[in-house]
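Here is how names work: the chains are called A, B, and so on, in the same order as the sequence lines, proteins then strands, and each is numbered from 1.
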Protein chains: 2
Amino acid sequence: MKTSASARSETERVTTALRDEIIDGIRKPGSRLVERDLAMDLGVSRVPIREALKQLASEGLVTPRPNTWSTVREFTTSDIADLNEVLSAFEVMTFELAAQRHTRETLSELETVVRRGLEFAERGDAIGARRAAADFHEIVTKISGNALLVEIGGLLSSRKRWLLSQHDDLSHVAEEHSGLFDAIARRDVGGIKSLVLEHLESSQKRQIQHNELKHREPPAEPADDPERFRDDDESDFENIEETAAS
Amino acid sequence: MKTSASARSETERVTTALRDEIIDGIRKPGSRLVERDLAMDLGVSRVPIREALKQLASEGLVTPRPNTWSTVREFTTSDIADLNEVLSAFEVMTFELAAQRHTRETLSELETVVRRGLEFAERGDAIGARRAAADFHEIVTKISGNALLVEIGGLLSSRKRWLLSQHDDLSHVAEEHSGLFDAIARRDVGGIKSLVLEHLESSQKRQIQHNELKHREPPAEPADDPERFRDDDESDFENIEETAAS
DNA sequence: ATCTTCCTTTTTGTATACCAGAATGAGACA
DNA sequence: TGTCTCATTCTGGTATACAAAAAGGAAGAT
């Protein structure tokens, strides 16, 4: 039961398990993540749990609070706006680089995934389509040839997966990926930017549309902030100034 | 002085200490980071050390290897190229947003730092100038108003500090920061991009100039990647490895 | 002399137990 | 009703132990 699959360490297994549970909505936003409980749940000691929680915190899926339990992150509309904003810069860059640097092999790998995505979408397999969509972006990042970009892509991948999990109409996504693939294939470095931005924008619209419908009930506090400013959570985050001293 | 009272946890203290030692070159690239030894060195148990190492690995300052010791990261020219590439997208976005979203208060805070940088540079205080330069970028990121951008900026900050530590002529940097500040102040969203790119480029030139070639081999893969050259000259001598450990 | 193979050492990964201190939550008190 | 106090709950950290994996070296084979 615990020896599920190809995982090299307990920490990794735990991290993967928790991440999936959070993204799949099994762990509700705002719910407590208590180390001892998780340790018993997953049949390991507190050590791997601690490391997993730290990792997931860095991926933005859990909200740690000093000296107390962590919680499953509650994404606000402003969080999502920030994410889309960042994505619009990073993805453009990634695709432009990929269009320049792809090779025969990497391109055919990408084509396979695009095809798979289209098939899944056509026959209504949301889970498969989502996986293909995530794979597509991951492979494009790899093709970009920039190791740091891959790293950042990995950091953002959980959030991206979360975004994808928020809307179920994946057919547009698959088609747009197909168009993006074509642009990469013909090395259309100049034209790919607008395609990427359109892709993000249309994806964004579907998020909002879908999001407003499933308005989750406040787990604790109805922290509704229509403004751009974040009200709560000013405590964590590295203190910017602090060490000034001089 | 160095260890100001602002450290909240052992892990944080350890992380800061190790990070500084690595960036300042006290810990040589490639040297071993053994948990038990570090624990004794820094007078703590293995747990904070482990967490610090994990953190620093995510910041790209240490290279972890499964089931063995970590090492201080050896930056290759390709690593630096990747970093500059990412930075050129990241910083442009950051500054464009900052130019749009700054307020009276944040602007004056920024001005203070710019002034400080100029003063330090003028009187040849490299350490102070470097700190001011790092602060400048950090504050601009904050002004951008995008929490995720701040997060990514934090992740990249160690690498940026490392870059800064590689060249000692900080007067250009301070002056360019002053120019960037002006552009932000006058909300010159259209014109700031070229300024940022120039800033990065000139900084990059000084890096190369100062940076003696110390390469390592890129991951074993035949570079089917003709566009891009990262000047591989021969060498890759049996690197110094952990000659010292002192 | 160089390449394998085997064995010892080193070091991490994980478990377990325990403690101090901070945050929480509930009850006492004004 | 509000706030103060205090027990409880958790985390952050220490210490210790042990299995498993990698590294390093030595013996043996070619």
Electrostatic pair [X]-[Y], nearest N-O below 4.0 angstrom:
{"X": "B:R159", "Y": "A:E151", "result": "yes"}
{"X": "B:K160", "Y": "B:E91", "result": "yes"}
{"X": "A:D37", "Y": "A:R32", "result": "no"}

Think [X] has a side-chain N or O under 4.0 angstrom from the OP1 or OP2 of [N]?
{"X": "B:T11", "N": "D:dG13", "result": "yes"}
{"X": "B:R32", "N": "D:dG24", "result": "yes"}
{"X": "A:S45", "N": "C:dA15", "result": "yes"}
{"X": "A:R36", "N": "D:dC10", "result": "yes"}

*Search all heavy atoms of B:A52 against all heavy atoms of B:V14 and return the closest pair with its distance.*
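Heavy atoms of B:A52 and B:V14 come nearest at CB-CG1, 3.6 Å.
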Given atom [atom1] of [X] and atom [atom2] of [N], what is their separation to the nearest angstrom?
{"X": "A:M40", "N": "D:dC10", "atom1": "CE", "atom2": "C1'", "result": "13 Å"}
{"X": "A:K54", "N": "D:dG13", "atom1": "NZ", "atom2": "P", "result": "7 Å"}
{"X": "B:E35", "N": "D:dG13", "atom1": "CD", "atom2": "C1'", "result": "15 Å"}
{"X": "B:E51", "N": "D:dT11", "atom1": "CD", "atom2": "P", "result": "13 Å"}
{"X": "A:I49", "N": "C:dT16", "atom1": "CD1", "atom2": "P", "result": "13 Å"}
{"X": "B:R8", "N": "D:dG13", "atom1": "CZ", "atom2": "P", "result": "12 Å"}
{"X": "A:N67", "N": "C:dA22", "atom1": "CG", "atom2": "P", "result": "7 Å"}
{"X": "A:L53", "N": "D:dT11", "atom1": "CG", "atom2": "C1'", "result": "11 Å"}

*asked:* Is it the case that D:dG13 (base atoms only) and B:R46 (side chain only) share a donor and an acceptor within less than 3.5 Å, ignoring hydrogens and angles?
replied: no
*Between the base of D:dG13 and the side chain of B:R50, is there any donor-acceptor pair under 3.5 Å?*
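Answer is no: no donor-acceptor pair is held.
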*Give a yes or no on this: more than 12 heavy atoms of other residues, nucleotides or ligands lie within 6.0 Å of atom CD1 of B:I127.*
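Result for CD1/B:I127: open.
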*Reckon B:V47 touches a base, only the sugar-phosphate, or nothing at all at heavy-atom distances under 4.0 Å?*
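It contacts base atoms.
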*Indicate, with a heavy-atom threshold strictly under 4.0 Å, whether B:L33 touches base, sugar-phosphate, or nothing.*
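The residue B:L33 makes sugar-phosphate contact but no base contact.
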*Where the side chain of A:P48 is defined as all heavy atoms beyond and including C-beta, which of C:dT12, D:dT11, C:dA15 is the nearest nucleotide?*
C:dA15
*DNA chain C: 5'-proximal contact among A:T68 and B:R65 (nearest heavy atom)*: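 So the residue in question is B:R65.
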